[in-house]
There are 2 protein chains.
Amino acid sequence: MSPRKPSTKDLTKEMIINEAHKQFITKDFQQISMRSIAKELGCSHGAIYYHFKNKAEIFYAILSDYFSELNNILDENMNGPDDPNTKLLNVFVGYMAFGLNNQSQYELMFIMRDSEIDGLSQEAANFSYEKFSQAVQSLSKTELLISDIQSTFIALHGFVAHYRHYVKNYEEAKEAVDVHAKFLITALTFRK
Amino acid sequence: MSPRKPSTKDLTKEMIINEAHKQFITKDFQQISMRSIAKELGCSHGAIYYHFKNKAEIFYAILSDYFSELNNILDENMNGPDDPNTKLLNVFVGYMAFGLNNQSQYELMFIMRDSEIDGLSQEAANFSYEKFSQAVQSLSKTELLISDIQSTFIALHGFVAHYRHYVKNYEEAKEAVDVHAKFLITALTFRK
DNA sequence: CTCCTTGTTGACCGGTGGTTAATAATGAGT
DNA sequence: ACTCATTATTAACCACCGGTCAACAAGGAG
């Protein structure tokens with residue numbers, strides 16, 4: 001039934017993803033081309049289309065790892081020893097730090113959600129938001145409005161979307177991140 | 001000195017801008033091509049490069065009008081009869097409404113600020129922020145931190161950047177806009 | 001009737017994402 | 001061994017893109 005061993009395969013999905021991922025560290029989605037991946041892999045760009053139906057599909061696969069990482073950051077903080085107030089701050093800072101340290105990825109995960117990067121990524125983004133939402137509520141002393149939690153989430157995205165134009169990584173925006181996080185905590189705390 | 005009357009010109013900067021602007025209502029920067037503009041204008045796309053040095057320059061010209069419009073919205077509100085609290089709310093709502101009603105333009109004005117749309121637009125964006133900043137401070141009873149005003153500005157951008165994926169215009173997000181604006185007012189009000 | 005300038009064209013360049021016929025390579029069944 | 005179906009790959013091709021540029025049209029000035 002399988003007339004050709006998988007072991008003989010020279011080009012694998014994994015290799016393609018690895019190469020795309022490698023380039024994704026220094027370049028964004030638009031700057032990476034099927035040809036640049038193929039060139040580095042020593043194959044024709046047509047070959048890639050045998051393994052992935054299009055460019056977007058390659059990046060879905062990569063993004064899912066990043067969504068996991070972001071979710072892990074949140075989990076580790078929630079399971080940590082800090083008090084609720086510190087944890088809440090850390091959740092906000094964690095999101096912004098992740099966004100600033102993975103700018104190209106963050107753009108595709110939450111900002112660029114357009115026709116090209118559709119369904120699958122959308123779902124992961126919603127799941128990530130759900131985790132965030134529950135975490136924030138559980139750390140709060142009072143019952144929060146879901147609309148306020150969403151406003152907070154949006155404001156975090158806004159920060160990353162803005163600062164990524166001015167800053168290379170989290171380190172360079174540390175203070176601003178802290179200020180923004182505390183700003184949002186104030187809003188959540190005093191909302192009635 | 002001028003061997004050819006301007007009146008004889010068939011293709012003018014204005015015509016090009018008008019056509020680009022027309023397409024800009026329904027398409028975004030990336031979807032509009034020099035060729036699509038030329039085609040609609042009945043000329044070759046090479047001709048456009050006689051009047052504009054590149055695609056970005058055409059859109060600078062268009063954006064400057066939108067920056068003016070946004071600044072006018074703010075001015076009209078500030079010069080209006082409302083009390084400071086209402087005005088502050090209207091400033092926030094005004095920004096978000098403008099962003100949601102002019103999504104492609106807003107993206108270029110504040111979100112996409114990348115290599116292609118550089119200097120000139122950046123300057124206009126900074127000026128717009130300055131006006132916003134002064135307006136917010138003048139409407140506040142207490143002395144605000146500039147970092148908090150910036151957090152507010154960023155949170156407004158975040159709202160537009162997020163909701164433009166889900167909504168066609170301001171009308172469709174009216175309630176969420178209102179909630180977000182009040183959320184930000186809370187933060188500004190209770191910050192010490 | 002030149003000459004110079006303003007505009008305009010269309011071919012061209014290097015690049016993109018995506019498709020597809022031909023083909024190489026391989027293992028299974030006989 | 002030989003066929004056969006399947007998998008994987010190539011390279012040519014498509015229709016686009018932004019941008020450049022030599023050639024050329026058209027008109028006014030001298």
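Hydrogens, waters and symmetry mates are skipped; everything else that's a heavy atom, side chains included, is used. Each chain gets a letter, A, B and so on, in the order the sequences are listed, and its residues count up from 1.
- Applying the salt bridge (charged side-chain N to carboxylate O under 4.0 Å, His left out) definition to pairs two or more places apart or across chains, those involving residues 125-150 of chain B are Asp75(B)-Lys131(B), Asp148(B)-Arg191(B).
- Atom pair Glu57(A):CD and dG18(C):P shows a separation of 10 Å (rounding to whole Å applied).
- Remark: Gln23(B) pairs with Glu19(B), Lys27(B), Ser36(B) by the side chain to side chain donor-acceptor pair (under 3.5 Å) rule, at least two apart or across chains.
- A donor and an acceptor atom, one from each side chain of Tyr95(A) and Ser128(A), are located under 3.5 Å apart.
- Between Tyr50(A) and dA8(D) there is a side-chain N or O to OP1 or OP2 distance below 4.0 Å.
- Atom C1' of nucleotide dG17(C) and atom CD1 of Ile37(A) are separated by 12 Å, given to the nearest angstrom.
- Atom-to-atom, CG of Asp10(A) to C1' of dA24(C) comes out at 11 Å; the value is rounded to the nearest Å.
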Could you list the donor-acceptor pairs under 3.5 angstrom formed by side chains in residues 37-48 of chain B, with sequence neighbours left out?
none

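- Qualifying ring-ring contact (aromatic ring centres under 6.0 Å, His included) partners for Tyr163(B), counting only residues two or more places apart in sequence or in other chains: Phe159(B).
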In 5'-to-3' order, the base (B), backbone-only (S) or no-contact (-) status of each nucleotide in nucleotides 10-18 of chain D, using a 4.0 angstrom heavy-atom cut-off, is BB-B---BB
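- When the ring-ring contact (aromatic ring centres under 6.0 Å, His included) test is applied to Tyr50(A), no partner is found at least two apart in sequence or on another chain.
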